[in-house]
Amino acid sequence: MTDPLIIPRAEHGVSRKAISPNAVKVLYRLKDAGFAAYLVGGGVRDLLLGGHPKDFDVATDAHPDEVYKLFRNCRLIGRRFRLAHVHFGREIIEVATFRGHHDQAEGENESRVENGMLVRDNVYGTLVEDAWRRDFTINALYYNIADFSVVDYTGGLQDLQTRTLRMIGDPEVRFQEDPVRMLRAIRFAAKLDFRLANELTELLPQQAHLLDVISSARLFDEVLKLFLSGHAEKTFDLLLRYGLFQHLFAQTADAFSGEDTYAERFVRQAMRNTDARIQVGKPINPAFLYAALLWPSVHWHTTQLQNTGMPPMPAMTQACREVLDQQISQTAIPKRFRLPMKEIWMMQLRLPHRECRRSLRLLETPRFRAGYDFLLLRHQAGEDETLAELCDWWTEIQTKDEAGRLAMCRPISPQASGKKRRRRKAKVKKA
Ligand code: ATP
Ligand code: MG
């Protein structure tokens, strides 16, 4: 292994002022107790790029129990990776002990590789070993609290300069060890606007199928990270381009393969809107995001069932159930999101009715805003020309007071009034 490149403080832009004070506290406490302590990962990468890291990770030669003893506000977590979390109110500083090579492992702390996949990774090691087991070169840069230098073993600094995302080691082996690294590659390329190194662009489509063995719960979390990064549209493009999307959302990918381009336009528009909301600091509801990602399938299935003569409500109810059942085999969807997703979808059938009682009641339901936003999204994606007028109507009615709302509504649905008229006619006949 070659000597590291060590960049002294005077020659790089990482300043203690830009690091979270809590992370600085953790680094100093470790150092003062005689341990090595480095900032690593996204924190160093983003500071070198002039950005704002979303969290700060620390690497040290102290073992988890030693870290635990140093901090009152510390919790040990993780089975796959044993980590210390140091809590400061809502901020968590993650402290990881240097990890070593899994192929040299023996005894209790061994790592385990099954079919090329790393299922346990708990061997402690040295700084240099820790650097080489990380995923991408730009994620393996260390900021040393002892002398404020930046330490680079894997060529990360050069890749930062040329804006290249490069895997450490043999990408084929590294993807086999942990296929989620493929999704991380896409996430970082989109978020940082980096080029994927050539060996990655060739490998991704070939290895995409490895995602099928990853637990659906882990994939659910990764999907949220992918699409909540503020660069969802770009991420979506890259996932499609490198054949990964279908291993996350097979049904949606199927809907894209037809002649009609609506399905893809719809998801793309949802991604664009997500990015726009994040840009202005608005919250994103995972249920809305997932409802959008699966809508092409729900819409298609509902139409198919209606074509067999089923009425709209039961058709959509069945479509929702089938699509969700299929999806959770790929990405788990926690129950607390499934119900609101169904509500958003089912509301699409209720929104076209505009008579008094129904509309006013709908306006009061907690999920109305999400259902309405979803309607706008369908219109933006060009689902159907008649949606324009319906969207305008729902937009306007929200601006009115009660009298104004009543004035806008139809007194009774045409269906119901038809029934009444027939009933009245029948009465007249009897008489
Ligand atoms: P961000 O937090 O901005 O999303 P990050 O690079 O900090 O990006 P984390 O998921 O916080 O990403 O992980 C911290 C570091 O741990 C990474 O930079 C990388 O060095 C290492 N790491 C994380 N996940 C993996 C993985 N699956 N394989 C190898 N190394 C990993
Ligand atoms: Mg991080």
Side-chain angles (χ1 to χ4, degrees), residues 14 19-20 22-23 26 38-60 77-78 80-86 91-102 111 113 116-123 125 127-143 150-156 159-160 165-194 200 207 210-211 213-215 218-219 221-232 235 278:
V14 179
I19 304 172
S20 135
N22 292 326
V26 170
Y38 297 83
L39 196 67
V40 65
V44 184
R45 178 195 70 215
D46 293 350
L47 288 177
L48 285 167
L49 286 170
H52 302 283
K54 81 174 164 44
D55 52 36
F56 290 90
D57 300 314
V58 168
T60 178
I77 60 138
R80 228 173 92 92
F81 308 121
R82 220 162 124 75
L83 297 168
H85 273 181
V86 187
E91 189 180 16
I92 297 175
I93 307 296
E94 194 166 286
V95 183
T97 306
F98 295 149
R99 259 176 242 149
H101 290 303
H102 41 83
S111 297
V113 179
M117 219 167 91
L118 204 52
V119 290
R120 229 178 114 200
D121 187 9
N122 249 345
V123 191
L127 173 62
V128 52
E129 287 168 337
D130 190 76
W132 285 95
R133 65 94 201 158
R134 286 181 185 269
D135 48 5
F136 303 101
T137 60
I138 58 165
N139 285 348
L141 295 166
Y142 295 78
Y143 170 83
V150 169
V151 185
D152 176 13
Y153 282 96
T154 64
D159 287 334
L160 270 189
L165 193 75
R166 193 185 310 282
M167 188 68 124
I168 296 172
D170 178 351
E172 198 169 339
V173 175
R174 304 301 311 277
F175 283 154
Q176 257 158 22
E177 276 175 1
D178 181 5
V180 167
R181 289 174 183 149
M182 293 189 277
L183 299 179
R184 291 176 60 85
I186 300 299
R187 176 152 68 86
F188 294 126
K191 172 175 146 175
L192 305 171
D193 196 20
F194 270 38
L200 295 189
Q207 307 270 74
L210 294 175
L211 285 176
V213 301
I214 301 297
S215 87
R218 188 162 175 221
L219 285 186
D221 292 342
E222 284 301 324
V223 164
L224 287 189
K225 280 192 211 159
L226 281 167
F227 294 129
L228 299 180
S229 66
H231 304 272
T235 301
I278 290 177

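Both ligands and their constituent atoms are indexed starting at 1 by order of listing. In this chain, numbering begins with 1 at the start of the sequence shown.
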Do any heavy atoms of [X] fall under 4.0 Å from ligand 1?
X: Arg187; answer: yes
X: Phe188; answer: yes
X: Lys225; answer: no
X: Asp57; answer: yes

Which is the closest N/O/S atom of Asp55 when seen from the Mg ion (ligand 2)?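 Nearest to the Mg ion (ligand 2) within Asp55's N, O and S set: OD1.
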What orientation do Phe98 and Tyr38 show, parallel under 30°, tilted 30 to 60°, or perpendicular over 60°?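 Because their plane-to-plane angle lies in the 30° to 60° range, the rings of Phe98 and Tyr38 count as tilted.
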Return the option from Glu94, Glu222, Lys191, Arg99 holding the heavy atom at the smallest distance from atom 3 (O) of ligand 1.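 Going through Glu94, Glu222, Lys191, Arg99 one by one, Lys191 has the nearest heavy atom to atom 3 (O) of ligand 1.
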Nearest option to atom 22 (N) of ligand 1, as decided by whichever heavy atom of Met167, Arg133, Arg181, Arg184 sits closest: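 Heavy atom nearest to atom 22 (N) of ligand 1 belongs to Arg184.
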Check: Gly42 N/O within less than 3.5 Å of ligand 1 N/O: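 Between Gly42 and ligand 1, an N or O pair is found under 3.5 Å apart.
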Between [atom1] on residue [X] and [atom2] on residue [Y], distance to nearest 0.5 Å:
X: Leu183; Y: Asp221; atom1: CG; atom2: CG; answer: 12.0 Å
X: Leu226; Y: Ile186; atom1: CG; atom2: CD1; answer: 8.5 Å
X: Arg181; Y: Leu210; atom1: CZ; atom2: CG; answer: 12.0 Å

Would you say Tyr153 and Trp132 make side-chain contact, with heavy atoms under 4.5 Å?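 A side-chain contact under 4.5 Å exists here.
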Side chain, backbone, both or neither: the part of Asp135 lying under 4.0 Å from ligand 1 by heavy atom: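 Both backbone and side chain.
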Counting only heavy atoms closer than 4.0 Å, does ligand 1 sit against the backbone of Asp55, its side chain, both, or neither?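 It is the side chain that touches ligand 1; the backbone stays farther off.
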Taking only heavy atoms of [X] into account, list the atoms of ligand 1 that are under 4.0 Å away from them.
X: Gly41; answer: 18 (O)
X: Arg45; answer: 1 (P), 3 (O), 5 (P), 6 (O), 8 (O)
X: Lys54; answer: 1 (P), 2 (O), 4 (O)

Check whether Arg174 reaches the backbone of Gly169 with its side chain - one donor and one acceptor, N or O, closer than 3.5 Å.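 Answer holds: no.
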Where the side chain of Asp152 meets the backbone of Thr154, is there a donor-acceptor pair that is under 3.5 Å apart?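 Side chain of Asp152 to backbone of Thr154, a donor-acceptor pair under 3.5 Å: yes, one is there.
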N/O/S from Glu94 sitting under 2.8 Å away from the Mg ion (ligand 2):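 It does not: Glu94 brings no N, O or S atom closer than 2.8 Å to the Mg ion (ligand 2).
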Leu47 and Phe56: CA distance, side-chain angles, deciding distance, side chain to side chain contact (heavy atoms under 4.5 Å, CB included) verdict: CA-CA 11 Å; Leu47 288 177; Phe56 290 90; 4.3 Å; yes
Residues Arg134 and Asp130 bridged, charged N to O under 4.0 Å: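 The answer is yes: the pair qualifies as a salt bridge.
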